[in-house]
Amino acid sequence: FEFTCTGYLRKISSNGSGLLLTKWSTMPLQYNKTYSVRIRVSFDNGNSYCPFGSSCNITTAAAPPANGGGGREAIAADDSGSEMNVWPNPSRGEGMHLVIQGFEEETTNVHVSVLDLFGKQVHAQDIMVEGDLLNTMIPTDRMEAGVYVVTVSVPGRAWTKRLVVQ
């Protein structure tokens, strides 16, 4: 998804076909503004993308709700604007795609760790990322069926997702 208006550009990804427009903690949409929105899709889990489709406009509410949202506001947990995506989930032994975009350094060393629910490490790997995108495949063919915790860490930051292997 790509949101644009005068002086504003925000790209954000989603594992599904929709995107919930919540209050993002970084570069949030502003009240009483019209944004042009374009979408492009990937049919190979983010390895390549189709061209952007035609744009449409959305206009945000004129002002925040009077009750402040009634406690239903969702704030993105990641203040850097980056999000970790893992798929397929559940995995059937064909491997797990792992994507994080938004690294700030030109070269970043990331540590990937996969733990079972007993805390036993079943996979560990250090990956050198050139640019702002980590896009890699982690093997799952030797993992037994179960639930795992995938953690990607860099100094001062970590992302965590649950992975089910069938």
Cluster link I58 to I39, ILVMFWY, side chain under 4.5 Å: yes
Residue pair E83, N85: steps toward the side-chain contact (heavy atoms from CB on, under 4.5 Å) verdict: CA-CA 6 Å; E83 179 182 342; N85 293 305; 3.5 Å; yes
Criterion side-chain contact (heavy atoms from CB on, under 4.5 Å) on H123 and R142, from CA distance to verdict: CA-CA 10 Å; H123 179 83; R142 293 196 172 118; over 6 Å; no
Common cluster, L134/M84, ILVMFWY with side-chain heavy-atom separation under 4.5 Å: yes
Closest heavy-atom pair and its distance - C50, F43: SG-CE1, 3.7 Å
Other residues, nucleotides, ligands: >12 heavy atoms within 6.0 Å of Q121 CD: yes
Criterion side-chain contact (heavy atoms from CB on, under 4.5 Å) on D126 and N109, from CA distance to verdict: CA-CA 7 Å; D126 288 320; N109 185 35; 4.0 Å; yes
Least distance between heavy atoms, Q166 atom then A145 atom: C-CB, 3.9 Å
Gap separating the NE2 atom of H111 from the CD atom of Q125, nearest 0.5 angstrom: 9.5 Å
Joint cluster assignment, V149 & V122, ILVMFWY side-chain distance < 4.5 Å: no
Nearest heavy atoms of G95 and P88, plus distance in Å: O-CD, 3.5 Å
Within one Ile-Leu-Val-Met-Phe-Trp-Tyr cluster: V165 and V147, side-chain cutoff 4.5 Å: no
Criterion side-chain contact (heavy atoms from CB on, under 4.5 Å) on K161 and N89, from CA distance to verdict: CA-CA 10 Å; K161 290 277 186 176; N89 196 2; 5.9 Å; no
Smallest separation among heavy atoms of R38 and S55, with atom names: CG-CB, 3.6 Å
Nearest heavy atoms of L163 and S91, plus distance in Å: CD1-CB, 4.3 Å
ILVMFWY network linking M96 to I127, side-chain heavy atoms under 4.5 angstrom: yes
